[in-house]
> 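Next up is a structure, given as structure tokens.
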Amino acid sequence: MFDKPTMQLRENLCSHLFYENDCVKILRNYRHFFIIQRMVEDLKRIEDYVRTIPDFPEPGILFRDITTVLRDPEGFRLAVDSMAELIGDTPYDLIVGAESRGFLFGAPIAYRHRKGVVLARKKGKLPCETIEESYELEYGTASLEMHREDILPGQRVVIVDDLIATGGTVEAIAHLVERLGGKVVKIVFLMELAGLEGKKRLAGYDVASVISYPGK
């Protein structure tokens with residue numbers, strides 16, 4: 001027989017052990033839940049996060065909206081990771097982001113790879129000495145600029161943008177890089193509108209996209 005204090009101590013110890021075991025079980029269940037949740041999330045494709053809006057900005061056009069990708073933490077992570085994987089083990093020194101959505105994807109990829117980011121901006125937006133390249137639009141022309149000091153001769157550059165349509169914007173950026181003495185080693189997009197055949201315009205470059213949509 002145990003005295004009363006000893007019995008009380010045994011009861012307390014037993015209660016504590018049962019509590020500990022319950023806590024361990026709960027933690028294990030939560031861990032399994034989060035593992036399963038992550039597996040389900042990883043099964044989602046980046047296409048599942050892109051919203052398609054018909055007849056915008058004009059009838060007959062299917063607009064691929066990336067705001068739904070950007071606002072979702074998992075969608076944004078998947079987009080950045082997928083674009084970074086397209087670069088693979090290509091050696092490079094800088095990322096050039098195309099104004100403006102190219103900045104959104106180019107910066108986190110550069111951060112992941114510990115590289116710098118250069119901005120290709122619309123004319124008149126950069127404060128120091130610039131170099132300019134014009135390109136054709138459906139109606140008229142537009143111009144992009146980069147700081148002359150941003151690309152050094154021989155530097156290897158990856159160009160990043162959200163979408164390739166006709167390819168004119170990125171072609172202009174590639175020309176800017178080359179005029180400054182850099183070498184374009186890769187061009188990466190989140191989406192491609194294959195019906196507009198923009199890749200043909202960039203035939204001399206290594207071009208890749210995460211998603212390819214048929215049509216325009």
Side-chain angles (χ1 to χ4, degrees), residues 46 64 66 69-70 76-138 140-194 196-212:
I46 186 61
R64 310 297 181 176
I66 64 163
V69 177
L70 296 171
F76 187 42
R77 178 189 63 83
L78 184 57
V80 171
D81 288 350
S82 299
M83 295 173 78
E85 286 170 8
L86 291 179
I87 298 173
D89 58 1
T90 302
Y92 73 100
D93 303 299
L94 292 168
I95 279 182
V96 174
E99 184 163 347
S100 58
R101 292 183 290 272
F103 304 163
L104 297 172
F105 297 105
I109 294 171
Y111 176 81
R112 171 174 167 163
H113 291 167
R114 297 188 177 185
K115 305 295 183 181
V117 183
V118 171
L119 308 183
R121 300 216 60 188
K122 294 176 182 177
K123 186 175 180 179
K125 298 292 186 180
L126 294 171
C128 296
E129 185 180 0
T130 60
I131 182 173
E132 177 184 345
E133 183 80 17
S134 296
Y135 60 100
E136 294 183 359
L137 299 172
E138 187 175 359
T141 60
S143 295
L144 289 170
E145 293 181 331
M146 290 170 53
H147 279 144
R148 284 187 175 273
E149 62 191 15
D150 281 348
I151 306 289
L152 300 178
Q155 284 191 308
R156 299 160 298 181
V157 172
V158 173
I159 300 174
V160 172
D161 204 358
D162 70 317
L163 174 72
I164 175 172
T166 63
T169 301
V170 169
E171 182 184 41
I173 294 172
H175 290 167
L176 287 172
V177 170
E178 291 163 349
R179 286 169 59 191
L180 291 171
K183 178 177 176 58
V184 178
V185 295
K186 192 86 176 181
I187 302 175
V188 174
F189 302 95
L190 178 62
M191 301 182 294
E192 172 194 4
L193 302 182
L196 295 176
E197 300 184 331
K199 278 188 176 179
K200 288 185 177 180
R201 195 166 187 170
L202 304 174
Y205 302 100
D206 184 357
V207 181
S209 57
V210 178
I211 309 169
S212 181

> Could you walk me through whether L193 and R64 pass the side-chain contact (heavy atoms from CB on, under 4.5 Å) test, one step at a time?
CA-CA 9 Å; L193 302 182; R64 310 297 181 176; 4.3 Å; yes
> Once rounded to the nearest 0.5 Å, what's the spacing between atom CD1 of I87 and atom CG of D206?
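One finds 10.5 Å between CD1 of I87 and CG of D206.
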> Donor-acceptor check, side chain of E145 to backbone of G124, threshold 3.5 angstrom: yes or no?
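Yes.
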> Evaluate side-chain contact (heavy atoms from CB on, under 4.5 Å) for L190 paired with I46, printing each intermediate quantity in order.
CA-CA 9 Å; L190 178 62; I46 186 61; 4.1 Å; yes
> When the side chains of residues 148-158 are checked against the rest of the protein, which donor-acceptor pairs come out under 3.5 Å, sequence neighbours left out?
{"unit_1": "R148", "atom_1": "NE", "unit_2": "E129", "atom_2": "OE2", "d": "3.3"}
{"unit_1": "R148", "atom_1": "NE", "unit_2": "T130", "atom_2": "O", "d": "3.4"}
{"unit_1": "Q155", "atom_1": "OE1", "unit_2": "L152", "atom_2": "N", "d": "2.8"}
{"unit_1": "R156", "atom_1": "NE", "unit_2": "D93", "atom_2": "OD2", "d": "3.2"}
{"unit_1": "R156", "atom_1": "NH2", "unit_2": "D93", "atom_2": "OD1", "d": "3.1"}

> Please check if the side chain of E133 supplies one atom and the backbone of L176 the other of a donor-acceptor pair under 3.5 Å.
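Side chain of E133 to backbone of L176: no pair is present.
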> Take a 6.0 Å sphere around NZ of K183 and say whether it holds more than 12 heavy atoms from other residues, nucleotides or ligands.
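Check fails, neighbour count at 12 or below.
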> Between Y205 and A174, which heavy-atom pair has the shortest distance, and what is it?
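Scanning both residues completely, I find the closest heavy atoms to be OH-CB, 3.6 Å.
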> Using every non-hydrogen atom in the two residues, find where I95 and G106 come nearest and quote the distance to one decimal.
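In this case the closest contact between I95 and G106 is CD1-O, 3.7 Å.
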> Measuring only between side-chain heavy atoms, which start at C-beta, is T166 closer than 4.5 Å to E136?
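No, side chains not in contact.
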> Drop me the distance from I187's CD1 to L202's CG, to the nearest 0.5 angstrom.
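Spacing of CD1 (I187) from CG (L202) equals 5.0 Å.
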> Which residue is it: V160, D162, V170, L86? I am looking for the one with a side chain to side chain contact (heavy atoms under 4.5 Å, CB included) to F189.
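Running side chain to side chain contact (heavy atoms under 4.5 Å, CB included) over V160, D162, V170, L86 with F189 returns exactly one hit, V170.
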> How long is the straight-line distance from CD of E99 back to NZ of K123, given to the nearest 0.5 Å?
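One gets 14.5 Å once the value is rounded to the nearest 0.5 Å.
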> Looking just at side-chain N and O atoms, do H113 and Y92 make a donor-acceptor pair shorter than 3.5 Å?
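Yes, side-chain donor-acceptor contact under 3.5 Å.
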> Output the distance between atom CZ (R101) and atom CD1 (I66), rounded to the nearest 0.5 Å.
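Separation between the atoms: 5.5 Å.
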> To check you understand the geometry: which heavy-atom pair defines the closest contact between V117 and A110, and what is its length?
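Closest heavy-atom pair between V117 and A110: CG2-CB, 3.4 Å.
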> Would I164 and K199 count as a side-chain contact (heavy atoms from CB on, under 4.5 Å) if you check the C-alpha gap in whole Å, the side-chain angles of each, and the deciding distance to 0.1 Å?
CA-CA 8 Å; I164 175 172; K199 278 188 176 179; 4.3 Å; yes
> Which heavy atom of A79 sits nearest a heavy atom of F105, and at what distance?
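Shortest heavy-atom separation between A79 and F105 comes out as CB-CE2, 3.9 Å.
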> Is the backbone N or O of H147 less than 3.5 Å from a side-chain atom of R121, with the two atoms forming a donor-acceptor pair by type?
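Side chain of R121 to backbone of H147, a donor-acceptor pair under 3.5 Å: no, none is there.
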> Applying side-chain contact (heavy atoms from CB on, under 4.5 Å) to K115 and L94, what does each step give before you reach the verdict?
CA-CA 6 Å; K115 305 295 183 181; L94 292 168; 5.9 Å; no
> Which atom names give the shortest non-hydrogen contact between A120 and L144, and what distance separates them?
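Taking every non-hydrogen atom into account, O-CD2, 4.3 Å.
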> Hey, what do you get for CE (M83) to CE (M191), rounding to the nearest 0.5 Å?
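Those atoms lie 9.5 Å apart.
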> Measure the CD-CG distance between E85 and L78 for me, rounded to the nearest 0.5 Å.
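Result: 8.5 Å between the selected atoms.
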> Can you give me the closest heavy-atom contact between F76 and L104, atom names plus distance?
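Heavy atoms only, the tightest pair is CZ-O, 3.7 Å.
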